[in-house]
2 protein chains.
Amino acid sequence: MTSGKQASLTDVADLAGVSHMTVSRVVNKTGPVSAATRARVLAAVEKLSYRPNSAARALVTGKTGILGVVTLDSTLYGPASTLYGIEHAAREAGYSVTITSVGTPNTVAIAEAIETLRRQAVEGIVVIAPHAAASKSLEVVPHDIPLVAVGGGQQAPVPMIAVDQSDGARRATEHLLALGHKTVWHVAGPVDWLEAQDREAAWRQTLKRHRVRAPRIIRGDWSSRSGYAAGQVLAREKDLTAVFVANDQMALGLLRAFTEAGIGVPKDVHVVGFDDVPEAAYFSPPLTTVRQDFIEVGRRTFRQLAEQIAGREPAARDLVAAELIVRESTGPR
Amino acid sequence: MTSGKQASLTDVADLAGVSHMTVSRVVNKTGPVSAATRARVLAAVEKLSYRPNSAARALVTGKTGILGVVTLDSTLYGPASTLYGIEHAAREAGYSVTITSVGTPNTVAIAEAIETLRRQAVEGIVVIAPHAAASKSLEVVPHDIPLVAVGGGQQAPVPMIAVDQSDGARRATEHLLALGHKTVWHVAGPVDWLEAQDREAAWRQTLKRHRVRAPRIIRGDWSSRSGYAAGQVLAREKDLTAVFVANDQMALGLLRAFTEAGIGVPKDVHVVGFDDVPEAAYFSPPLTTVRQDFIEVGRRTFRQLAEQIAGREPAARDLVAAELIVRESTGPR
DNA sequence: AGGGCCAGTGTTCGCGGTAACAACCTCCCG
DNA sequence: CGGGAGGTTGTTACCGCGAACACTGGCCCT
């Protein structure tokens, strides 16, 4: 019974004894069709297990119903969550999502990824690459296709959605200051990551506003390993009482280093992270951190893209508020 | 200069003063074209920034160059890593990947996801859903499209690639037994996850082979929270000295519970996890665990699919070996 | 009674490519 | 010097679908 080829509109039409146009009307619910005819057509569709040919449809309508996402091929919590947020919103609206990952977010790789997606005739592109180089490459990208950046930094050259990094970092820093600390140290993310820059800048500014001197910065690369190294360095600082770490993974490494160095958290030092990964509540000790609603980011990203596809020119920036989650790492001593 | 529409083969042909067929030959490097003509065509292509229309091509060739992946919309380390492994291998071979995520892997959701992908005219489908229900739904899926399951359990109804769960669980259990423990407790994953079943079965079998009685099982849901709960339960067991936890996230929660209960790891109890998430080396204490090479899984998955697309009937199962990574959680007391 | 109007249906055309074949030109050979 | 070979180019026929328009018949209105 597997007759080799997929059934076409015409096949269905022949079986139902109507023209292919009538079948098209039934399938797409466009134009009037009598109940009797519709039933016959539907039966034929069922019998042949007809599936519309997306290529043919795309060819004639000029719309593929596909969105492209450029993402890092990492399993970093943020990008992965955002991807699923976008995919979910897109699917609900009848779009499908194809991904192209880049190992390292340099200008060339991003440009290639975008070109790859364009060859797929995607209707719009999301770039999840909160990275300076990525942002740079967006400047030179042709602007003849709907495009949205996720986490593109303060002055992205294209419309952008992101969690408000400054807001989050400010909350974290002020939380620590409110606990009475003289100052707050910072373990930053990689310089070339915009989110790292934003968090660092907000931390610095918050200290300044409170007339507190900023200690020197320790820099990591988001990994637990680098957080561990940072922790070893900080463990040698005499008057260290509070640390704001730019993400949870690094905070984990830092906690480990502190444990090994005999530094108690929260007894001797208070620590705040960023991201609120699902595991953060079970670190030792449970980590105070800044939660980012990536699902919401994904949703708004899709909405933004949909607006552009519809030909409207939506707001250039959209920030999602961050939320401080207080746990034991900044608890009573 | 943005002339509204994308240039077509004919536009290029007109500009270069040749027929559209010649342009096609140049673009696809099929058939002979004189050097002079090729140069003229290429110049025209460049000038108009011509991009082949994938829909038109797909319509006539019947090939879309798209692969579909059904995945969980979770940020679980395993599925996410596998996805990127597949995407990478696929892109190298000129395929692009579209994803469809399912919140919970029940039969209906999987079937819908597959149908959604088929409407996209994907050339092959990967189902990353190491779940009993997913496996079930694969039994009833039409077999007229190349399909591969990742982590589909021992008797998947379709070709399957996976890390050898039994092998990994056996290594973990034997490692603990070799350290002299009377027995090994097990915190298992959800019953309806095939990997959880495999790990549990291998643990039980290994104990049996060593003529050791298996303690009762504690069951979690992969989350740190459930691992924490399991840890609280186990903390009340008198003769507990060794625990094999079915994944690293749960192991983290368990470590936390043990810490709160005053149980030392590795001093009082030895703990082994599964997955080797990047953070595992920085747990307190660093976690002995079983590493799974998801990139390799992704690579082989794509290869499998490519074979099927090429019309060959490849091996039904392909297992990737697991590796035991020994760290402090099973270290000297 | 004649003329819209409209629901229901069919016909034609073309989207942008590739496959298949035809046509032309050169060159070389007997 | 005729003819076949082969390299180079063009022509034509679809692929499956939807847009646009044409057609049919009944019904209502004047």
Taking only N and O in the side chain of B/Thr37, is any of them less than 4.0 Å away from OP1 or OP2 of D/dT9? yes

Tell me the interatomic distance from A/Asp11, atom CG, to D/dC17, atom C1', rounded to whole angstroms. 13 Å

Return the value, rounded to whole Å, for the distance between atom CG of B/Leu48 and atom P of C/dG16. 13 Å

Please work out if A/Val60 contacts a base, only the sugar-phosphate, or nothing of the nucleic acid, heavy-atom cut-off 4.0 Å. base

Test for a donor-acceptor pair under 3.5 Å between the base of D/dG18 and the side chain of A/His20, counting only N and O atoms. yes

Does a side-chain N or O of B/Asn28 approach OP1 or OP2 of C/dT18 to a distance below 4.0 Å, or not? yes

Reading DNA chain D from 5' onward, which residue's closest nucleotide shows up sooner: B/Thr22 or A/Thr30? B/Thr22

Among D/dG10, C/dT9, C/dC15, find the nucleotide with the atom closest to the side chain of B/Val18. D/dG10

Quickly work out the A/Lys63 NZ to D/dA19 P distance and round it to whole Å. 12 Å

Without decimals, in angstroms, what is the distance between A/Arg38 CZ and C/dA7 C1'? 12 Å

From the set C/dG16, D/dG18, D/dT11, return the single nucleotide nearest to any side-chain atom of B/Met21. D/dT11

When you measure from the side chain of A/Tyr50, which nucleotide among D/dC17, C/dG17, D/dT8 comes out closest? D/dC17

Mark yes or no for whether A/Glu123, through its side chain, and A/Leu67, through its backbone, hold a donor-acceptor pair below 3.5 Å. no

Regarding D/dG10, can its base be found pairing with the side chain of B/Arg25 as donor and acceptor, where the two atoms are less than 3.5 Å apart? yes

Result for 5'-nearest mapping on DNA chain D, choosing between B/Ala56 and B/Ser34, is B/Ser34

So, A/Glu296 and A/Arg299, do they make that salt bridge, N to O below 4.0 Å? yes

By nearest atom, which of the nucleotides C/dG16, C/dT18, C/dT11 is closest to the B/Leu59 side chain? C/dG16

Under 4.0 Å, counting only non-hydrogen atoms across every strand here, what does B/Thr10 touch: a base, just sugar-phosphate, or nothing? nothing

Starting at CZ of B/Arg40 and ending at C1' of D/dT9, how long is that distance when rounded to a whole Å? 11 Å

Mark yes or no for whether A/Thr104, through its side chain, and A/Asn106, through its backbone, hold a donor-acceptor pair below 3.5 Å. no

To the side chain of A/Ser19, which of C/dG10, D/dG10, C/dT18 is closest? C/dG10

Mind calculating the distance between CG (B/Leu9) and C1' (D/dG10) to the nearest angstrom? 14 Å

Is a salt bridge present between A/Asp192 and A/Lys136, judged by a nitrogen-to-oxygen distance below 4.0 Å? no

I'd like to know if the side chain of B/Thr64 reaches the main chain of B/Ala121, judged simply by a donor and an acceptor atom lying under 3.5 Å from each other, with no hydrogens or angles considered. yes

Please pick, from D/dC17, C/dG17, D/dT9, the nucleotide with the shortest atom-to-atom distance to any side-chain atom of B/Ser8. C/dG17

Looking only at side-chain atoms of A/Pro32, point me to the closest of C/dT9, C/dT11, C/dG17. C/dT9

Rounded to whole Å, how long is the line connecting atom CG of A/Asp14 with atom C1' of C/dT11? 15 Å

Checking side-chain hydrogen bond (donor to acceptor under 3.5 Å, both in side chains) against A/Gln304, which of A/Arg300, A/Glu307, A/Gln308 comes through? A/Gln308

